[in-house]
2 protein chains.
Amino acid sequence: MTTGAMTVSSRRGMPEKRRAITRSARAVFGREGYARASVDTIALEAGVSKRTIYNHFADKEQLFQTVALEGAEQVTEAVGELLERHLRKIVDLREDLIAFGLERVAAVAEFPDHFALVRTIEAEVTRIPPIVLEVWKDVGPLSSHKKLAPYLREIADRGLLVLDDAERAANHFNLLTITDVNQRTFYGALPLPEAEAAEIVVDGVDAFLRLYRAQD
Amino acid sequence: MTTGAMTVSSRRGMPEKRRAITRSARAVFGREGYARASVDTIALEAGVSKRTIYNHFADKEQLFQTVALEGAEQVTEAVGELLERHLRKIVDLREDLIAFGLERVAAVAEFPDHFALVRTIEAEVTRIPPIVLEVWKDVGPLSSHKKLAPYLREIADRGLLVLDDAERAANHFNLLTITDVNQRTFYGALPLPEAEAAEIVVDGVDAFLRLYRAQD
DNA sequence: TAATCATTACACCGACCAGTGCAATATGGT
DNA sequence: ACCATATTGCACTGGTCGGTGTAATGATTA
């Protein structure tokens, strides 16, 4: 098979095949869970031979860890962009926070394979080497969560919020919006009408503002 | 094996063996996850033959569902007792809410097998029949969460809280306390120093009170 | 004692799976 | 054309697992 041409860029670095493998692995690990996911299935869906997978990765576990870390980085980067886009310059605080919250929630739906994988990671949490888990949390959810704090700090410095501890406020914002939605949908695994998601976010933002909005 | 006496209560109803099976199944499903958990292991740890398991349950899946539902009921009942104990009669609102929150968090540690199973359920969420999942949510987490609302309503009626929507307030309380802790520890799978858990609960309660305490 | 029924040990089937070895093939650089 | 390397197909091993069939054992009840 694969008698075709493959005109460009094949033998450089190691992309193409490797990317196909990680893409497929992300999908299969997320869909089936770690134990059920078979390397044969991953190979099939990647359009690659099983042997090639073992040429790129030592074993199933290392493949899983690689995919988990890559996905975490991608999402964290996307969240970083959302922060810049919505909270760099504040026009209307409530509107901007709501817009950020909505896009933050939508981001879960835009990386469905990754967030299915997150559920798998959480299920495997006791079997993942502690160091790996720590790194994943750091580059993933922890990083996404913490990045919000400095934006809130700056908004507070401009007099729009009153907060003693920006990290705590960021935590509260996250709990009242994204965490609430994720908890109800299991990271997007179950459908939630967009209107309800929006209602939750608006509720959360309003609660957040009652907690931290400057009185004037 | 089992040549012993077993003096009392064996052939009535069907407990004893069945309870041993569900206890063991809860532990193994929680520890290993659904796919990895082997019926042989469950039988071994239950001190029961594999055949006996299949005499009580149709298959692995039904055993899993049974265990999931039983555990959810137990925890919901325990949470109900905590509510009665701490929020029936309010002495000092903040103290009582903190005490409730702390015990609520501690309850996760007191049912470690069940909450390990919860992680497994969440991972299997797309493979669990929708009706079963709905029932589980209803008797389990949803019920535990919703039970808080009427207590808050009553506290508000006594003038200690100001809230338009008791359900929303209950949701906020849960998010700011138990959900925060559960998210950080993966339902108790990872250790969290008790002091830190307490700090989170106190933080959460104080945020909740800033949201809803009567201005007096 | 006899009959009933839960339980047991044990062997077994069919299926799946992680990982390997190897020889053939394809590909890109020179 | 030649070489180094990536990839492929495929068979194979050793192991696990869900579920079943069966004959024997033990206890309970009448």
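Note on naming: letters A, B, ... go to the chains in the order of the sequence lines (proteins, then strands), and numbering restarts at 1 for each one.
Q74(A) and E70(A) are not linked by any side-chain donor-acceptor pair at a separation below 3.5 angstrom, with hydrogens and angles left out of the test.
With rounding to whole Å, Y54(A) atom OH is found 18 Å from dT13(D) atom P. Protein atom CG of D40(B) is 16 Å distant from nucleotide atom P of dG15(D), rounded to whole Å. K60(B) has its NZ atom 14 Å from the P atom of dT20(D), to the nearest Å. Going from atom CZ of R36(A) over to atom P of dG18(D) covers 11 Å, rounded to whole Å. Atom NZ of K17(B) and atom P of dG26(D) are 13 Å apart (whole Å). Look at CZ on R18(B): it is 19 Å from P on dC5(C), rounded to the nearest Å. Atom CD1 of I42(B) is separated from atom P of dG18(D) by 8 Å (rounded to the nearest Å). Here the P atom of nucleotide dT7(D) and the CZ atom of F57(A) are 11 Å apart, to the nearest Å.
A tilted orientation is assigned to the rings of F208(B) and Y212(B), their planes being inclined by 30° to 60°. Aromatic ring pairs are classed by plane angle as parallel below 30°, tilted from 30° to 60° and perpendicular above 60°; the pair F64(A) and F29(A) is perpendicular.
Within 4.0 Å of A58(A), counting heavy atoms only, lies no atom of the nucleic acid at all. Among the protein residues, A43(A) comes within range of no part of the nucleic acid, since none of its heavy atoms lies under 4.0 Å from any strand.
Nearest nucleotide to the side chain of R51(B), out of dC10(D), dG19(D), dT8(C): dT8(C). Distance from the side chain of D59(A) is smallest to dG19(C) among dG19(C), dT8(C), dT7(D). Nearest to the side-chain atoms of N55(B) among the listed nucleotides dT8(D), dT20(D), dT7(C) stands dT7(C).
Geometrically, K60(B) engages Y34(B) in a cation-pi contact, judged by NZ or CZ lying under 6.0 Å from the ring centre and within 45° of the ring axis.
Between H56(B) and the phosphate of dT7(C), there is a side-chain N or O to OP1/OP2 separation shorter than 4.0 Å. At dT7(D), none of the side-chain N or O atoms of T52(A) fall inside 4.0 Å of OP1 or OP2 (strictly under the cut-off).
One finds no salt bridge joining E196(B) and R184(B) here, because no Lys/Arg side-chain nitrogen approaches an Asp/Glu carboxylate oxygen to under 4.0 Å.
Both V48(A) and K50(B) lie near DNA chain D, and the one whose nearest nucleotide falls closer to the 5' end is V48(A).
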